[in-house]
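One structure is given below, encoded as structure tokens.
Remember, it's 1-based here, ligands and their atoms both numbered in the order they're listed.
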Amino acid sequence: MSIQEIRFFGDPVLTTPASPVVDFDKELRVLVKDLTETMLDAPGAGLAAPQIGVSLRVFVWDVDEALGHLINPVLDLSDELQDGEEGCLSFPELRYETPRAMRAVAKGFNMYGEPITVEGTEFLARALQHETDHLNGILFIDKLSADNRKLAMKEIRESEWFNLAAEKGQNIQVKDSPHTIFGRNT
Ligand code: ZN
């Protein structure tokens, strides 16, 4: 088994832009396998490499009973939007209404370095956007309305997982942001 520890919000790796994959080697294939096993074990609908502490542009998904993975993705999004709740394995138990594009076309590579295109609507489109954001150090709470973000931050601060991680000295860093409710004013 190569199930990895999932990093929670507060870990700096989650807010660091990930590097492009250069070598499509065995190590990369092991990473894709680890991500897939960790996602299925959680279980979750998607997982990006930074969430297991690897700052590379790789993610996997499990949507509509189909597993997929994508490396060095570039997204093209529809103007049409969708509503719906979203969660993230790095924020256990949080679910918030998160606006996303209805349709996404993702171009990238598979683990053998072959160019691939993935097109998705609705939930797959949502997953592709959520996971690509992870590679840019962007988290789903960054996409919430101001009111929901305020509620989310309160829920995070009160959550057992955030406080346990803080005790271990893992998650004490909260990213400063231009959004006032996200910054530390005191
Ligand atoms: Zn996530």
Straight-line distance of D76 CG to E119 CD, nearest 0.5 Å: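 Here the rounded value is 9.5 Å.
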
Nearest 0.5 Å, what's the OG1-CD1 distance between T38 and I3?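 Reported value, rounded in 0.5 Å steps: 6.0 Å.
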
Under a 4.0 Å N-O cut-off, is there an ion pair linking K33 with E37?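 The answer is yes: the pair qualifies as a salt bridge.
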
Does the separation of the ring centres of F8 and F91 fall below 6.0 angstrom?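 Here the rings of F91 and F8 have centres that are no less than 6.0 Å from each other.
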
Sum up the protein N, O or S atoms located under 2.8 Å from the Zn ion (ligand 1).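 For the Zn ion (ligand 1), protein nitrogen, oxygen or sulfur atoms under 2.8 Å: 3.
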
Going by atom types alone, do R57 and N136 pair a side-chain donor with an acceptor below 3.5 Å?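 Yes, N136 and R57 have a side-chain donor paired with an acceptor closer than 3.5 Å.
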
Any ring-ring contact (aromatic ring centres under 6.0 Å, His included) involving residues 11-31? Give me the pairs, sequence neighbours left out, ordered by first then second residue.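 For residues 11-31, and leaving out neighbouring residues, the ring-ring contact (aromatic ring centres under 6.0 Å, His included) pairs sorted by first residue read F24-F109.
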
